[in-house]
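For ligands, and for the atoms within them, numbers begin at 1 and follow the listed sequence. The figures that follow rest on heavy atoms only: side chains count, while hydrogens, waters and symmetry mates do not.
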Amino acid sequence: MKTTATIMMLAAALGASAASITSPSGKLQLTVDVDAVGTPVYSLDFNGKPLVEPSTLGLVAEETDFSRGFSIVGVDTVTVDRSWEPVWGEYSTIRDYFRELAVHLKADKPEREMTIRFRVFDDGLGFRYELPAQNGSNYLTLRDEVTKFDFAGNHKMWVIPGDYDTDEYVWSETTFTELPAALENYGRHSEAQRTGGTTVQTPMLLKTDDTTPVYVNIHEAALVGYPVMLLDTDTADYSFKAHPVPDRLGVAAYLHLPFDTPWRTLIVSDDARDILSSQLILNLNEPTKIEDTSWIKPMKFAGVWWEMFTGKIKTWAYSDDVLAKPGITDYSKLESNGHHPANTANVMRYIDFAADNGIDGVLVEGWNEGWEDWASYRKNRQFLFDKAYPDFDVDSLHRYAESRGVKLIMHHETSANAADYALQLDRAFRFMKDNGYDAVKTGYVGAIIPRSEHHGSQWMVDHVNSVAERAADYQIMVDSHEAPRPTGLIRTYPNWLAQESARGGEFESFGGNPPSHTAILPFTRLKGGPMDYTPGLFETRMSYYNEGNDSQAGTTLARQLALYLTMPSPMQMVCDLPENYARFPDAFEFIKVVPVEWSDSRYIEAEPARYITVARKDKNSDDWYLGAITGEEPRKAEVKLDFLTPGQKYEATVYEDAPDAHWKTNPQAYKIYSVPVTSKSKLKLNLAAGGGAAVRIAPVVK
Ligand code: NOJ
Ligand code: CA
């Protein structure tokens with residue numbers, strides 16, 4: 001604990017003008033004031049105990065300082081209780097219930113005005129800066145924020161290192177004081193800009209060092225026109241300070257007033273399950289901008305994809321030629337390398353696989369010109385998004401997919417040349433619509449060219465947001481990879497079905513993801529929106545394909561089924577090869593039937609990195625589904641089925657780890673059985689180390 005003297009000094013610095021509100025139930029109490037130098041300060045109590053100690057607020061621009069000299073000139077409060085219906089998601093209705101405090105601030109010499117708007121929910125806090133048009137300059141070059149989150153103890157935390165370009169890291173479980181040592185273990189991503197020292201990324205999770213611990217997720221909502229927020233950690237003071245990702249000139253944002261920043265968010269509860277069920281971040285986003293959403297269709301999809309990760313000699317590129325013969329610009333003159341999976345016959349095989357198994361879509365990667373040049377960056381324009389390779393017959397695949405009732409999903413890897421992608425975008429989307437594509441997976445692997453922006457900088461945030469918005473004009477659904485991590489904008493653009501923006505399933509082929517990984521992501525990354533994690537991996541050992549690759553997925557087969565519940569996404573991949581599903585047809589049954597949108601969700605038990613058990617009700621039937629995962633430790637999940645309709649008889653089909661299963665030594669050992677259940681039943685599920693269980697609970701129709 002910090003010394004009482006420091007806390008008392010900070011408290012004494014607060015003036016008499018302090019404004020205070022509580023959350024609707026009174027659980028959270030917010031106090032806002034200005035300190036001796038006119039810097040706005042807030043603090044947050046949870047159940048009558050200080051959680052966030054007095055922490056500074058404000059923005060610093062080259063032209064104007066919005067972090068000091070202020071007095072409070074007025075406050076407005078209002079209580080809002082409303083509900084809304086998402087197009088898809090974990091719930092059919094979401095309640096948005098909060099008390100709001102708008103603190104109006106003024107300063108002179110020079111004259112400045114700013115409002116800080118706070119919303120206090122029973123499950124947390126959101127606040128943002130609102131800069132109205134000023135008497136002085138309305139064009140700001142923002143350098144920094146003084147926003148702080150100052151905690152009272154040496155709390156536990158789950159974090160990944162601060163990085164301007166990537167979030168594809170394994171999580172560290174650490175504390176404030178142990179953080180520097182924990183971050184030292186991370187290598188530097190070849191193209192990424194890792195900040196030095198103790199900077200971390202959001203969303204991150206804290207668990208307070210108290211007898212009744214409090215869980216706090218720190219993130220942001222509605223990231224629009226502004227860079228990603230990282231956090232600089234003060235390991236002695238137990239505090240974080242906002243660190244907006246700058247451009248290469250050190251500028252965080254170019255702002256034109258009036259401007260509202262994104263919301264800074266704290267999801268707070270003494271029950272870990274509430275962190276998972278919280279809808280606070282979605283509630284702080286604007287309602288949908290898309291009026292007719294009938295064309296937005298959640299889906300499962302297979303892909304010409306994992307083949308390229310298995311270590312077999314499969315490539316995205318059609319030819320091995322072009323780098324050797326740099327003069328070649330006409331792809332029809334290239335010779336096929338003979339192992340290019342995005343060819344017409346192979347794609348037809350995937351279309352058949354999808355059609356035969358009720359899978360809605362097929363993603364095809366490596367269909368278009370440009371992959372030969374991947375690493376060279378010789379051209380300003382590398383990828384062409386309307387130019388298929390000679391062995392990929394756009395027309396006949398369009399016709400074939402349509403005849404089999406399957407949708408093809410287009411891939412736009414931009415090699416991070418976002419500026420050029422923006423120039424091609426309309427042509428690319430038109431090409432998609434002309435050829436029957438309604439969904440695109442975008443990708444930004446590499447350093448952002450040509451302006452050397454960062455993945456987290458304002459320019460790139462604007463880019464990905466505008467791609468989602470423009471896609472909606474064409475009625476195209478988007479799944480973006482290597483984009484800035486999501487902040488709930490799926491509410492505003494429900495066609496933006498998923499993002500990667502964390503270390504995904506692809507890493508199972510490059511060293512593997514530890515079992516705890518998918519037990520942390522729902523508490524952190526997923527609070528911003530669904531992840532295209534690519535579940536469904538049945539063959540978890542890469543040596544199966546390639547002796548030279550000893551990478552093994554940190555999972556049992558049964559856990560992969562559970563991920564469809566614990567990592568909910570309206571765009572959910574069925575990632576493994578059709579031939580691997582053919583080896584385990586009984587387990588594959590679960591993937592065939594599991595839905596991708598829900599009318600209700602119940603988090604039954606949860607502890608970060610340790611375990612998650614969740615039940616969800618199918619949006620389009622009376623079926624319930626249950627997913628349970630554990631971390632490194634084996635465990636028994638006990639589930640009371642009291643969420644079922646009383647009096648109704650159901651049949652539960654259980655897919656769980658066999659008694660001798662273990663992610664490392666025996667990952668493919670599972671058991672499938674059926675039992676009759678009612679709302680009075682209890683299920684006991686066996687979870688192996690790194691394991692999981694999945695259950696379908698369907699009403700018995702007489
Ligand atoms: C990285 C993406 O995460 C992965 O899904 C994709 O296959 C490759 N880039 C190639 O674009
Ligand atoms: Ca990736």
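Ring orientation note: the planes of Tyr581 and Phe588 are close to parallel, at an angle under 30° on the 30°/60° scale.
At a cut-off of 3.5 Å, with distance as the only test, no side-chain donor of Thr630 or Arg559 sits close to an acceptor on the other residue. Between Glu307 and Asn346, the side chains place a donor N or O and an acceptor N or O closer than 3.5 Å (distance only, hydrogens not considered). Neither side chain, Ser336 nor Tyr389, offers a donor N or O lying under 3.5 Å from an acceptor on the other. With hydrogens and angles left out, the side-chain atoms of Tyr318 and Glu372 include no donor and acceptor closer than 3.5 Å.
For the pairing with Tyr400, the side chain to side chain donor-acceptor pair (under 3.5 Å) check across Asp393, Asp395, Asp352 returns one residue only, Asp352.
Trp367 contributes a side-chain N or O that, together with a main-chain N or O of His411, makes up a donor-acceptor pair within less than 3.5 Å.
Within the 4.5 Å cutoff, side-chain heavy atoms of Arg541 are placed close to those of Pro667.
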Verdict with reasoning, Phe507 to His517, per ring-ring contact (aromatic ring centres under 6.0 Å, His included): CA-CA 11 Å; Phe507 278 86; His517 189 60; 8.4 Å; no
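Ordered by chain and number, Glu168 OE2, Glu482 OE2, Glu500 OE1, Glu500 OE2, Glu506 OE2 make up the set of protein N, O or S atoms under 3.0 Å of the Ca ion (ligand 2).
Ordered by chain and residue number, the residues placing a heavy atom less than 4.0 Å from ligand 1 are Trp305, Phe309, Trp316, Glu365, Trp371, His411, Glu413, Lys441, Val445, His481, Glu482, Glu500, Glu506.
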